[in-house]
**Student:** 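Take a look at this one; I'll ask things after.
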Amino acid sequence: MSKLPITPDPWTRLRSLTPARLALGRSGVSLPTAEVLRFGLAHAQARDAVHEALDAEALAHDLQLAGFQSIQVASQATDRATYLRRPDLGRRLAPSCAQLLKQAAPAAPLPLLIVVADGLSSLAISRHTLPLLQALRPYFPTLREAPVVIASQARVALGDEVGQLLNAALVAVLIGERPGLSSPDSLGIYLTGGPRIGLTDAWRNCISNVRPEGLDYAEAARKLAFLIAGARQLGRTGVDLKDDSDTPALESRTPMPELSGSD
């Protein structure tokens, strides 16, 4: 008996180009077993990313080996469960940490402060913080002179209080983004000028999906440097500051200012 020819799946090549779930197929009225198992794995990885605590000591050690100083702080959320239930507590420093930063405030204002916050994916922070900081070095040679603030159980707005206490002109918060089913380790960057308690997201610029499978470190560093240069020219960040770094005509007319001596 002759065998029936096997028809190649026309979606195979397209599926190889993206982690998105497409052309999953079906088995009766349900999904094929393989797709159900893949979905379960992705869902478990996303849940683990949300609940896993950041190893701040290990991150501080890695930063030290690379030549970066660091200060560790925590929000008013005392544990991960509280952090997930009470977003408001993740936006304010624990009183002891606020006092620590007051004592550590430099005499001169900081042009740029980096805050590393675990957010909703400590996995993103542990994987991408150091490579991203290294990609930023060519733009900001004196970046290592200011301490990197490592914040646990932290939301984006925690950077406002940290920046205010350390008298920073600009604060860039590197934070673990909410995991997706194909991206449990996506890193976000939020740039805020004149940080102070009470600012809204309208004061921020966001660079999202920083990871090798998304926006790579070199491109993320270039975009952040572009925004910082624009913030210094404009005197503010947020809705008035546009990311035109991918517009060749604009770049040819108004090249990005030299940043190496301004940090």
Side-chain angles (χ1 to χ4, degrees), residues 54 56-76 90-119 125 129-130 132-175 188-199 203-205 207 220-221 224-238 241 257-263:
L54 175 67
E57 291 290 345
L59 179 58
H61 178 70
D62 291 343
L63 292 177
Q64 183 181 16
L65 291 179
F68 292 96
Q69 310 170 56
S70 66
I71 299 175
Q72 295 182 41
V73 299
S75 75
Q76 293 180 10
R91 299 185 183 111
R92 294 298 304 271
L93 285 167
S96 60
C97 295
Q99 186 60 35
L100 172 67
L101 293 186
K102 287 180 182 179
Q103 296 172 353
L110 292 175
L112 175 64
L113 176 67
I114 302 293
V115 176
V116 177
D118 51 3
I125 294 302
T129 294
L130 185 54
L132 179 58
L133 291 179
Q134 290 171 330
L136 283 170
R137 277 181 179 172
Y139 298 98
F140 308 104
T142 59
L143 187 63
R144 288 180 292 182
E145 295 179 7
V148 174
V149 178
I150 302 173
S152 298
Q153 317 296 7
R155 303 278 175 172
V156 172
L158 190 78
D160 298 338
E161 185 175 7
V162 173
Q164 183 177 8
L165 290 172
L166 291 180
N167 196 19
L170 291 164
V171 59
V173 177
L174 281 51
I175 191 166
I189 307 171
Y190 290 82
L191 179 68
T192 306
R196 58 192 182 277
I197 295 172
L199 294 182
W203 291 83
R204 315 188 202 287
N205 294 89
I207 301 171
L224 180 58
F226 185 93
L227 286 172
I228 288 173
R232 287 170 174 166
Q233 285 185 326
L234 191 64
R236 56 188 179 275
T237 55
L241 176 62
E258 176 62 43
L259 296 180
S260 59
S262 60
D263 190 39

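Reckoned from all heavy atoms, side chains included, excluding hydrogens, waters and symmetry mates. Counting from 1, the numbers follow the sequence of the chain as shown.
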**Student:** Show the nearest heavy-atom pair for residues Ala225 and Tyr139, with the distance to one decimal.
**Tutor:**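 For Ala225 and Tyr139, the tightest heavy-atom pair comes out as CB-CD2, 3.5 Å.
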**Student:** Quick check for you: to the nearest 0.5 Å, what is the distance between Leu158 atom CG and Ser152 atom OG?
**Tutor:**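 If I round to the nearest 0.5 Å, the distance is 10.0 Å.
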**Student:** Quick one: which of Leu170, Val171, Asn167, Leu166 gives a side-chain contact (heavy atoms from CB on, under 4.5 Å) with Leu110?
**Tutor:**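 The side-chain contact (heavy atoms from CB on, under 4.5 Å) with Leu110 is passed solely by Leu166 among Leu170, Val171, Asn167, Leu166.
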**Student:** Among Leu227, Leu132, Asn205, Val173, whose side-chain contact (heavy atoms from CB on, under 4.5 Å) with Ile189 holds?
**Tutor:**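 It is Leu132, the one option of Leu227, Leu132, Asn205, Val173 that forms the side-chain contact (heavy atoms from CB on, under 4.5 Å) with Ile189.
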**Student:** Which heavy-atom pair separates Ala169 from Pro195 by the least distance, and what is that distance?
**Tutor:**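 Heavy atoms only, the tightest pair is O-CD, 3.7 Å.
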**Student:** Who passes side chain to side chain donor-acceptor pair (under 3.5 Å) against Arg236, sequence neighbours left out?
**Tutor:**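 For Arg236 the side chain to side chain donor-acceptor pair (under 3.5 Å) partners, ignoring immediate neighbours, are Asp240.
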**Student:** Would you compute the distance between atom CZ of Arg91 and atom CG of Leu199 and round it to the nearest 0.5 angstrom?
**Tutor:**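 Reported to 0.5 Å precision, the distance equals 13.0 Å.
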**Student:** Could you report the tightest heavy-atom contact between Gly67 and Arg144, atom names first, then the distance?
**Tutor:**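 Nearest heavy atoms, Gly67 then Arg144: O-CD, 3.1 Å.
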**Student:** With sequence neighbours left out, which residue pairs that include part of residues 97-115 fulfil the salt bridge (Lys or Arg N to Asp or Glu O under 4.0 Å) condition?
**Tutor:**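 Those involving residues 97-115 do not exist here.
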**Student:** Rounded to the nearest 0.5 Å, what separates atom CD1 in Ile207 from atom CZ in Phe226?
**Tutor:**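 Between Ile207 CD1 and Phe226 CZ, I get 11.0 Å after rounding to 0.5 Å.
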**Student:** Does Gln64 have more than 12 heavy atoms from other residues, nucleotides or ligands lying within 6.0 Å of its CD?
**Tutor:**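 Counting neighbours around CD of Gln64, 12 or fewer heavy atoms of other residues, nucleotides or ligands fall under 6.0 Å, so no.
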**Student:** Which pairs count as salt bridge (Lys or Arg N to Asp or Glu O under 4.0 Å) when at least one residue sits in residues 152-170, sequence neighbours excluded?
**Tutor:**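 Matches after skipping sequence neighbours: Arg92-Glu161, Asp160-Arg204.
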**Student:** List the atom of Thr237, the atom of Ala231, and the distance in Å for their closest heavy-atom pair.
**Tutor:**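 Heavy-atom minimum between the residues: CG2-CB, 3.6 Å.
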**Student:** Can you give me the closest heavy-atom contact between Ala168 and Leu113, atom names plus distance?
**Tutor:**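 What the structure gives for the nearest pair is CB-CB, 3.8 Å.
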**Student:** Say you draw a straight line from CD of Gln134 to CZ of Phe68; how long is it, rounded to the nearest 0.5 Å?
**Tutor:**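 Answer rounded to 0.5 Å: 6.5 Å.
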**Student:** Would you check if Asp62 and Thr129 make a side-chain contact, meaning some heavy-atom pair closer than 4.5 Å?
**Tutor:**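 They are not in side-chain contact.
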**Student:** Taking the side chain as everything from C-beta on, heavy atoms only, tell me whether Leu174 gets closer than 4.5 Å to Val148.
**Tutor:**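 Leu174 does not reach Val148 side chain to side chain.
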**Student:** Are side-chain heavy atoms of Leu224 and Leu136 found at a separation under 4.5 Å?
**Tutor:**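 Side-chain contact under 4.5 Å: yes.
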**Student:** Compare all side-chain heavy atoms of Arg232 with those of Leu112 and state whether any distance is below 4.5 angstrom.
**Tutor:**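 The answer is yes; the side chains approach within 4.5 Å.
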**Student:** So, taking the atom named CD in Gln99 and the one named CG in Leu165, what distance separates them when rounded to the nearest 0.5 Å?
**Tutor:**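 Taking CD in Gln99 and CG in Leu165, the distance rounds to 9.5 Å.
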**Student:** Measuring from atom CG of Leu101 to atom CD of Gln103, what distance do you get when rounded to the nearest 0.5 angstrom?
**Tutor:**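 Output value for this atom pair is 9.5 Å.
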**Student:** So, Ser75 side chain and Gln153 main chain: donor-acceptor pair closer than 3.5 Å or not?
**Tutor:**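 Yes, Ser75 side chain to Gln153 backbone: donor-acceptor pair under 3.5 Å.
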**Student:** Identify the two heavy atoms, one from Leu130 and one from Ala66, that lie closest to each other, and give their separation to 0.1 Å.
**Tutor:**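 Nearest pair, atom of Leu130 first, then Ala66: CD1-CB, 3.6 Å.
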**Student:** Taking the side chain as every heavy atom from C-beta outward, state whether Val116 and Leu63 have any atom pair closer than 4.5 Å.
**Tutor:**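 A side-chain contact under 4.5 Å is absent here.
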**Student:** Donor-acceptor pair, distance only, cut-off 3.5 Å: does the side chain of Gln76 make one with the backbone of Leu93?
**Tutor:**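 It does hold such a pair.
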